[in-house]
Each structure stands twice: as C-alpha cells, then as structure tokens.
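Read through the structure below, which is laid out as structure tokens, and then see the notes.
Here the structure is a predicted model, which means the values were calculated and not measured.
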Amino acid sequence: MLLEFFPTGVNKKVHRMELKMIKDTIVNGFQNAPHRSLYHALGLTDEELSRPLIGIVSSYNEIVPGHMNLDKITDAVKRGVAMAGGTPIMFPAITVCDGIAMGHVGMKYSLVTRDLIADSTEAMVMAHGFDGLVMIPNCDKNVPGLLMAAARLNIPTVFVSGGPMLAGRVGGQKRSLSSMFEAVGAYNAGKINETQLCEFERKVCPTCGSCSGMYTANSMNCLTEVLGMGLRGNGTVPAVYSARIELAKHAGMQVMELVKKNIRPRDIMTEAAIRNAVTADMALGCSTNSMLHLPAIANECGVPFSLDEVNRISEKTPNLCHLAPAGPTYMEDLNEAGGVYAVLKELTKLGLLDTSVMTCTGKTLGENIAEAVNLDDTVIRTVENPYSKTGGIAVLRGNLAPDGCVVKRSAVAPEMLVHEGPAKVYESEEEAIAAIYGGKIVKGDVVVIRYEGPAGGPGMREMLSPTSAIAGMGLDKDVALITDGRFSGATRGASIGHISPEAVSGGTVAYVKDGDIISINIPEYKIELKVSDEELAKRRTEMPIKKKENITGYLKRYAAQVSSADRGAIINK
C-alpha cells in the first residue's frame, strides 16, 4: 500500500526507504491490520492512509489570547495539506500566557513548559509515526519548545504562528501590554487616576494574537523566519488579517514539498542559520529571552553556541528597529514596512548573513529575500542610519557574572548605559515589588533580585512587574535592576538578567549585601561588584545558600535537572 509519492530526484531510494519504514511500522502489511482498524475508527479511508500522514501540532486553547485564533489557523493548515495530497491529523501542544502568569507563582511554570512541549511533542510523533509536521505555536515558550522538538525529531517540518496582536490606542497613541504594566506603576505613583488606569486596561490589548511589541513571542516567531523554518510573514502578519489564513494554507501545502524533497529541520537549522538568527536578533532588538531559547534550539541541533559569539556578532551588527517597548512602533508597522525579509535585505548590504542556507521554502535564504524591499525607513532604519552601530542585546561579564548575563541594550536609556550605584538586595520578586511600591528605591540604586534562577526559583521567573513599576514611577533612567531570573520582552530600562552562575549555585550574586557598589558598563560588556576578593571569600563562609523548601511535582524535577542560564536553561542530559 506504499504510495509512489516521491518524484525522481536526488537520493530517491534513500528517501523512499525512510518513508517505507514509517508506513510499514504503522500502516502497511497484514501485521498492521490492528493499527488500520484504529485509523478506521477515526473515520480515515484507505485513500487517506495511502497518503503521507502529516501531524498538525496545534497550540489552540481558550486561555491564551495569542492562541484563541489557532483553531482557524489549524483548519487552514489542514486544508493546505489536503490540497497538496497529504492527510492532516491534528494533536495539541500546551502553552502558558506569560502576561497572565506574571507576578505570582504561575510564572514559575512558564519557562519550564518549553521542555514539556518539546518532550510531549516528541512522544506523540514517535508513537504515531508521522511523515511530516506543521507546528502551530504563538506565545513565548511554545515557539522554542516546538523548534526544539522539530530539531530533535528531524522530519520535514514547517512552522506557522498565530500572528501578532494589533496595537491598542489610548489617548490617541498606540499602546501595548508593556504600557499596561507601566500604567500600574504610574497609578501607584499618583501620575494617573483610576479612570485612566481602567482605560489602559480596556484598550491596550484590542485583538487576539501575541502581544503587539517585540516581546518574546514575536521575537521568536520572527527568528523562526530567519532560521528558515517559517514562511515569509510568519513573524509579522497580524493575527486578525485574512493573509494569516492564506499563510497557514501555504504552510500546509509547503510541508508536502518538504516531504517530497526530504528537507529536514537539521538541514535547515545549521550553525550558519543559527548565526543568522543571532544577527537578525541584534538588528530587530529582540527579547533577551532569545538568549535562552537560541542556545536550547542549537543544543537540539547539535550546534555549538557561545555567549561570547553573541557579543562578537553584536559588535558588527547595527540595530535597525526600535519596536515597543524600545520605541513607538509595533509589529503591524514592521509588517507594513516589509517584515523580517526587509530587515534581512538591509543586513546583506554589510555582508552579515550567510544567504546560502536552505529554508523551508525549498530555496536558499538569498533567493527568498532577493525581491524584499524596505518600505519604511522610519520603522526599519537603513544600515547607513541605524539606531546604533551595535546590536540590540549585550552579554556582560565580570566578578558578579563570570559566566555572563544579558541586557536588551536597545531598550536602555543612553544615560544608563554606564551606571554605578549601591545595591538594594531582595530574595524574591515579591520583596522587590513591595520595596519599589513602598518608595524604598531611590535614584542611583541597583536593585538586586536573587534566588529566581532556573534552579533557584525554580523556573526562572520573568521580572516584568518590578521593571514596569520602576519605569511607571519614572525611575527607569536612574535605577538599574539585576537578577538571576529573566525579563519579559516587554521590559525596558537597565534590566540585566540571566546572572550566571545563579545564587542557588553559589554564584557571586548570592553574596551581595545592601550598600555594596555595583558598576555596570554596557558598551564595554562589564558588570562588577566593587568588593574585594578577600571579602567575597569571607562572605562565602558566612552567608549560607538559601534553597527553597517544599518544592514538589514537576518543579522539583526541573530544579534538579536544569542547567544554568548561560547554557540556555536546558535540561541536562
């Protein structure tokens, strides 16, 4: 019953043998009659079983705004697969809304889902033997989790996201979720009243989709295009546009081309492609969370990834975009300006990309972007007129973070690129928020939040609430915040995360005291605790490491297995 599906082409024999192995195991032959009986129980016909089986991994749910439209995306993908001669079969993936999980215990369960998503997708695919996959993610950990699964499984795969939300409008200005969090800080500081706060609440998130700035979800969906795993527009076409449905149909059709040609994720996500993604990250001004996710994806691809390489790429890559929260433009503006391809085309002027890499279009990156045009140089600046000559992210090192820490420097006020001030130390996010709202943080301070790392949290919570409180109270140009936790892509200001080693592992951050002077120099990639080696050695004997008690369930297993942030917070093998 094996369909003569592959046309004459390169390595036809090898390709057909690989497909035959799947079909023999699951569908073909008398010995698989029990399997076929279960397929028939699903209503599948002999004709459908004779075609390639394409797994549609849909993240649709009714709790995440970025995913509430994925039922329509899923239907469109299934139509595309069927039109191209395949049999689409959907199964689900989970996801967490970081905005809803923010600022409470729920945020401990955000990053940890990345590995749950990868593992559960692997389990479903290996158990059921698909010939190809279409991944339908949208929000934060869902995108990298499915990219990790794609690399691990290495069968022909295309991604199509649910698309970004349109920006809201408050007082005639475009706004987004970061504006909402900052409005809470402004309300607490008496800068806006309750009526104004309620207006923000009702208007900043006006449609479904991933939140409208260059936050983590949109960062990773854009980088999926750069990696070659998504079609043009994957990262930028708004969720509510009909063009998103068309894109989904094309993704369904395109996976069939990848199956025919046997083009697989690890043929696409090569070392050169990942280097391209880091380069584009710098130009776009992506979330610092990309510095957790790209290493984890590279790990699954068997590709080395060094934070030192990030700075080397950043040094020669201009920052071309200032989307919210760094500036006044939004994902819809980037889409109208030409999208990710237009940004990549700008970067080719400086020879910064390897355009020979293969993509899920079946063409090289260079072929894909050949006709791309920058339609609005106020949204995508030219390489001749960048926001800065260096990239949007910087990795800092020093005695406070010998293994590195990360800052989104494109969202840092110029006056805070170099800062020195006294530490105000807090053992948790909740303690820090109480201090900020309690007026205990003053100009010049460096807020230190520790024991929030991958293992120490556990779960490495995002710190959008404290950073937004600082910004909303008008202190973002005067106060820095450092943590072994992480930040939302919606964070702006001198917010430095991923301090490695983290506090629970005995990193220097565990031994900082109130009043210690911390020096930050982002242009020189340095972060220093102005305390002598002798004093630090003394503190290591006097200050015990604080491990959280009563951690149970998945978080307990995660804390025992997770790596440090500089390695991407991967689960140790």
Side-chain angles (χ1 to χ4, degrees), residues 164 167 174 176 178 212-216 218-228 230 232-237 273-291 294 309-355 365-366 368-395 406-414 417 489-490 492 522-523:
K174 286 186 177 181
S176 61
S178 56
S212 56
M214 188 54 81
Y215 310 148
T216 304
N218 293 325
S219 294
M220 293 309 301
N221 282 327
C222 287
L223 294 182
T224 298
E225 278 191 61
V226 184
L227 285 168
R232 182 175 189 173
N234 177 74
T236 61
V237 173
I274 290 171
R275 193 179 300 113
N276 284 345
V278 175
T279 302
D281 188 319
M282 297 302 158
L284 286 163
C286 290
S287 164
T288 51
N289 281 311
S290 64
M291 293 299 105
L294 287 176
E309 180 68 12
V310 171
N311 280 346
R312 284 192 286 271
I313 291 173
S314 182
E315 275 295 310
K316 59 185 180 181
T317 306
N319 178 228
L320 306 181
C321 299
H322 267 194
L323 280 76
T329 54
Y330 294 79
M331 295 305 296
E332 62 203 64
D333 302 312
L334 179 59
N335 187 63
E336 294 302 318
V340 173
Y341 278 19
V343 176
L344 299 181
K345 190 65 175 292
E346 282 291 337
L347 294 174
T348 61
K349 295 179 181 178
L350 299 177
L352 296 176
L353 300 173
D354 184 337
T355 57
L365 180 65
N368 287 345
I369 66 174
E371 304 302 320
V373 177
N374 182 354
L375 300 173
D376 188 343
D377 62 12
T378 67
V379 176
I380 305 170
R381 288 200 177 184
T382 64
V383 294
E384 295 83 12
N385 181 38
Y387 284 101
S388 63
K389 293 183 178 180
T390 53
I393 287 178
V395 175
V406 180
V407 61
K408 186 175 181 175
R409 64 175 160 191
S410 61
V412 178
L417 290 171
R492 64 185 175 94
I522 295 173

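Side chains of P164 and Y330 form no contact here, defined as non-hydrogen atoms less than 4.5 Å apart. In this structure the side chain of M282 reaches within 4.5 angstrom of the side chain of V310, judged on heavy atoms. Proximity of I380 to C321: side-chain heavy atoms (C-beta onward) are separated by under 4.5 Å at one or more points. Using a 4.5 Å heavy-atom cutoff, the side chains of V340 and T236 are in contact. Side-chain contact between L284 and L334: present, with at least one pair of heavy atoms (C-beta onward) separated by less than 4.5 Å. Taking the side chain as every heavy atom from C-beta outward, H322 and S410 approach each other to under 4.5 Å. The shortest distance between side-chain heavy atoms of I393 and M291 falls below 4.5 Å.
In this structure, Y215 and P325 approach most closely via the heavy-atom pair CE2-CD, 3.6 Å. Pairing each heavy atom of L223 with each of A277, the nearest pair is CD2-O, 3.5 Å. Closest heavy-atom contact between L227 and A273: CD2-O, 3.8 Å. Here the closest heavy-atom approach between residue A342 and residue V373 is recorded as CB-O, 3.5 Å. In plain terms, the two heavy atoms of L375 and E336 that are nearest each other are CD1-O, 3.5 Å. The shortest non-hydrogen separation linking N218 to G235 is OD1-O, 4.4 Å.
Salt bridge status for E309 with R312: present, with a side-chain N to carboxylate O gap under 4.0 Å.
The distance from the OG1 atom of T355 to the CG atom of L347 is 12.0 Å, given to the nearest 0.5 Å. Between M214 atom CE and S178 atom OG the span is 13.0 Å, to the nearest 0.5 Å. Interatomic distance, CG of L344 versus CG of N374, reported as 11.5 Å (0.5 Å rounding). Residue I274 holds its CD1 atom at 12.0 Å from OG1 of T279, rounded to the nearest 0.5 Å. Here NZ of K408 is found 13.0 Å from CD1 of I522. Values are rounded to the nearest 0.5 Å. Summarising the geometry, atom CG belonging to L353 is positioned 5.0 Å from atom CG belonging to N276; distances are rounded to the nearest 0.5 Å.
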Inset, instruction - Begin with the C-alpha distance, continue with both residues' side-chain angles, and end with the deciding distance and a verdict on side chain to side chain contact (heavy atoms under 4.5 Å, CB included) for R232 and N368. - result: CA-CA 8 Å; R232 182 175 189 173; N368 287 345; over 6 Å; no
Legend entry - Residues S314, R409; criterion side chain to side chain donor-acceptor pair (under 3.5 Å); working and verdict: CA-CA 11 Å; S314 182; R409 64 175 160 191; 2.4 Å; yes
Inset, instruction - May I have the step-by-step check of side chain to side chain donor-acceptor pair (under 3.5 Å) for S290 and D281, ending in yes or no? - result: CA-CA 8 Å; S290 64; D281 188 319; 2.4 Å; yes
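Residues meeting the side chain to side chain contact (heavy atoms under 4.5 Å, CB included) test with L350, sequence neighbours left out: P318, L352, V383. For Y341, there are no ring pair (Phe, Tyr, Trp, His ring centres under 6.0 Å) partners at least two apart in sequence or on another chain.
In this structure, N234 contributes its side chain and C222 its backbone to no donor-acceptor pair below 3.5 Å. Under the 3.5 Å distance criterion, the side-chain polar atoms of S219 are matched with a main-chain donor or acceptor of S287. In this structure, the side chain of K174 does not engage the main chain of P328 through any donor-acceptor pair within 3.5 Å.
Atom CD of E384 has more than 12 neighbouring heavy atoms from other residues, nucleotides or ligands inside a 6.0 Å radius.
Residue pairs meeting the salt bridge (Lys or Arg N to Asp or Glu O under 4.0 Å) criterion with at least one member in residues 337-346, sequence neighbours excluded: E346-K349.
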